[in-house]
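Let me begin by presenting the structure, written as structure tokens, before commenting on it.
What you see below is based on every heavy atom in this structure, not just the backbone, and it leaves out hydrogens, waters and symmetry mates. Labels below follow one simple rule: chain letters A, B, ... track the order of the sequence lines, proteins then strands, and each chain is numbered from 1.
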Number of protein chains: 2
Amino acid sequence: MTKTLQKRTLATHSKLLEAARAVISEKSFEALRVEEVVLRAGVAKGTFFSHFTDKDALMEQLISEHINAYLNDLELRKALNDVEDFVEALLPMINFMTSERYIFDLILRYSGAAAIEKVGDISMTFERHVKVVSSWLAVGPFRDDISPKLLAEGVQAFLVQAMALKFCALHNSESLEDRLLTYLKAWLTPTL
Amino acid sequence: MTKTLQKRTLATHSKLLEAARAVISEKSFEALRVEEVVLRAGVAKGTFFSHFTDKDALMEQLISEHINAYLNDLELRKALNDVEDFVEALLPMINFMTSERYIFDLILRYSGAAAIEKVGDISMTFERHVKVVSSWLAVGPFRDDISPKLLAEGVQAFLVQAMALKFCALHNSESLEDRLLTYLKAWLTPTL
DNA sequence: AGAATAAATTGACCGTGGTCAACACGAGCA
DNA sequence: TGCTCGTGTTGACCACGGTCAATTTATTCT
């Protein structure tokens, strides 16, 4: 039970996903319209909303697919020697996250500020990110007066801050990379 | 020039603001509908959009009014001795910012991720916040290997992080206050 | 096979933010 | 007083996300 008719359902579901991915690769995340997705998938509008709770849910799924791909790469990397390597490793993912303001806004909204009730896909990528970064911090030449997990949460906070400033009119003299470098050095290797 | 008919315009503008404030105090920020605001103000919908570029612009103004009131209080405070005082001082503002998810989302969206073209009201409150916090950090018993401004930017990053986690399903075992305390101690007073 | 049942799909409809060509109003001028 | 012109105002209209009672399609039972 709860698994009848699954064949047709799965087909429709993947048709919708395919259509959405097509729109995004041809245009952008921001330009995606539910209307166009259902048109391409050849289904009615209502069908979309019986497969995804809302448009954001689809977007969250598609965006976290990308993020998870970056995390897969990051997981393969061994310990990192210094902050420079750190930033260099994270840069591809950061570039994706800030490639569209729409993407960054959605990530921000669902990263931690996500629905209390249900843990979303993006929220889980943030969790995963903390784990990956923690593992690096546990063995690298970084401060050890606080736990790797706390350190990693800090890295995340500074990452978000640096990305946010990229979109800000007041602070675009310095590059995202330089800014992040400054933040992370101060956070990971304080020199009292 | 550019200032003819200003009397009528100003009257309409404040009618709109008053109506909006009334709706918010009776209901909430989230519950505000442009439709209702113009109805109460006794003007047409189009008028609203000749006074505010969009609904967010109105919200930004109203929210930053609140934030600026908190900042006025904070500016009066002299140097703070320790991290505990710090958190205690910031708490009222934090509580407002997280009193509605709608508010926090809007603040987040326009804090740094704001429009590149125009610097918005909320963006300016964040700027102001950094200044206030910097002035505290410059004289308090905190690390001095990095500039007060950089320290203050970090405080902001951790503040956002702590607030975001308040809305997160994964991390609501610890209170916002405790979490912030942990973050700020690690950031402001590292013990190598 | 046909009836009964469960589930997926449909599309007309709604709420709400936002647009814009037409219109009303007030100021300056003859 | 009446004409002109720039600006403020109007409200019908659009775009787009989301809903839901009705309908179609598959499944199970006899």
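Between Tyr102(B) atom OH and dG17(C) atom P the separation is 8 Å, expressed in whole Å. One atom, CZ of Phe48(B), and another, C1' of dG8(D), lie 16 Å apart when rounded to the nearest Å. Distance, Phe49(B) CZ to dA15(D) C1': 13 Å, rounded to whole Å. Rounded to whole angstrom, the span from the CG atom of Leu32(B) across to the C1' atom of dG17(C) amounts to 12 Å. Note: CG (Leu58(B)) to P (dG17(C)) measures 11 Å, nearest angstrom. In this structure, the CG atom of Leu39(B) is 13 Å from the P atom of dG17(C), given to the nearest Å. Rounded to whole angstrom, the span from the CZ atom of Phe52(B) across to the P atom of dG8(D) amounts to 14 Å. As a whole-Å value, the separation of Arg8(B) CZ from dT10(D) C1' is 11 Å.
The stretch residues 17-28 of chain B has no heavy atom under 4.0 Å from DNA chain D, so no residue of it qualifies as close.
Backbone-only contact: His51(B) has heavy atoms under 4.0 Å from sugar-phosphate atoms and none from a base.
In this view, Ser135(B) satisfies the side chain to side chain contact (heavy atoms under 4.5 Å, CB included) rule with no residue, not counting sequence neighbours. Judged as a ring pair (Phe, Tyr, Trp, His ring centres under 6.0 Å), and not counting sequence neighbours, the contacts of Phe86(B) are Trp136(B), Phe142(B). When the ring pair (Phe, Tyr, Trp, His ring centres under 6.0 Å) test is applied to Phe49(B), no partner is found at least two apart in sequence or on another chain. Considering only residues two or more places apart in sequence or on other chains, Tyr183(B) meets the ring pair (Phe, Tyr, Trp, His ring centres under 6.0 Å) condition with Phe158(B). Remark: Arg33(B) pairs with no residue by the side chain to side chain donor-acceptor pair (under 3.5 Å) rule, at least two apart or across chains. Residues satisfying the side chain to side chain contact (heavy atoms under 4.5 Å, CB included) criterion with Asp178(B), sequence neighbours excluded, are Glu174(B), Ser175(B). Residues meeting the side chain to side chain contact (heavy atoms under 4.5 Å, CB included) test with Asn72(A), sequence neighbours left out: Glu75(A), Arg128(A). Take His51(B) and apply the ring pair (Phe, Tyr, Trp, His ring centres under 6.0 Å) test, not counting sequence neighbours, and it matches His13(B). Asp56(A) pairs by the side chain to side chain donor-acceptor pair (under 3.5 Å) definition with Arg109(A), Tyr110(A), not counting sequence neighbours.
Of the charged side-chain nitrogens involved, none lies within less than 4.0 Å of a carboxylate oxygen, so that Arg40(B) and Glu35(B) do not count as a salt-bridged pair. A salt bridge does not link Lys131(B) with Glu127(B): every distance from a Lys NZ or Arg NE/NH1/NH2 to an Asp or Glu carboxylate oxygen is 4.0 Å or more.
Rounded to 10 degrees, the angle separating the terminal axes of the helix from dA1(C)-dT30(D) to dA30(C)-dT1(D) is 20°, with each axis obtained from five end pairs.
Between Thr47(B) and dT10(D) there is a side-chain N or O to OP1 or OP2 distance below 4.0 Å. Within the structure, a side-chain polar atom (N or O) of Thr12(A) is placed less than 4.0 Å from OP1 or OP2 of dT9(C).
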Protein-nucleic acid N or O pairs under 3.5 Å, nucleotides 13-16 of chain C:
residue: dT16(C); atom: OP1; partner: Arg33(B); partner atom: NE; Å: 2.9

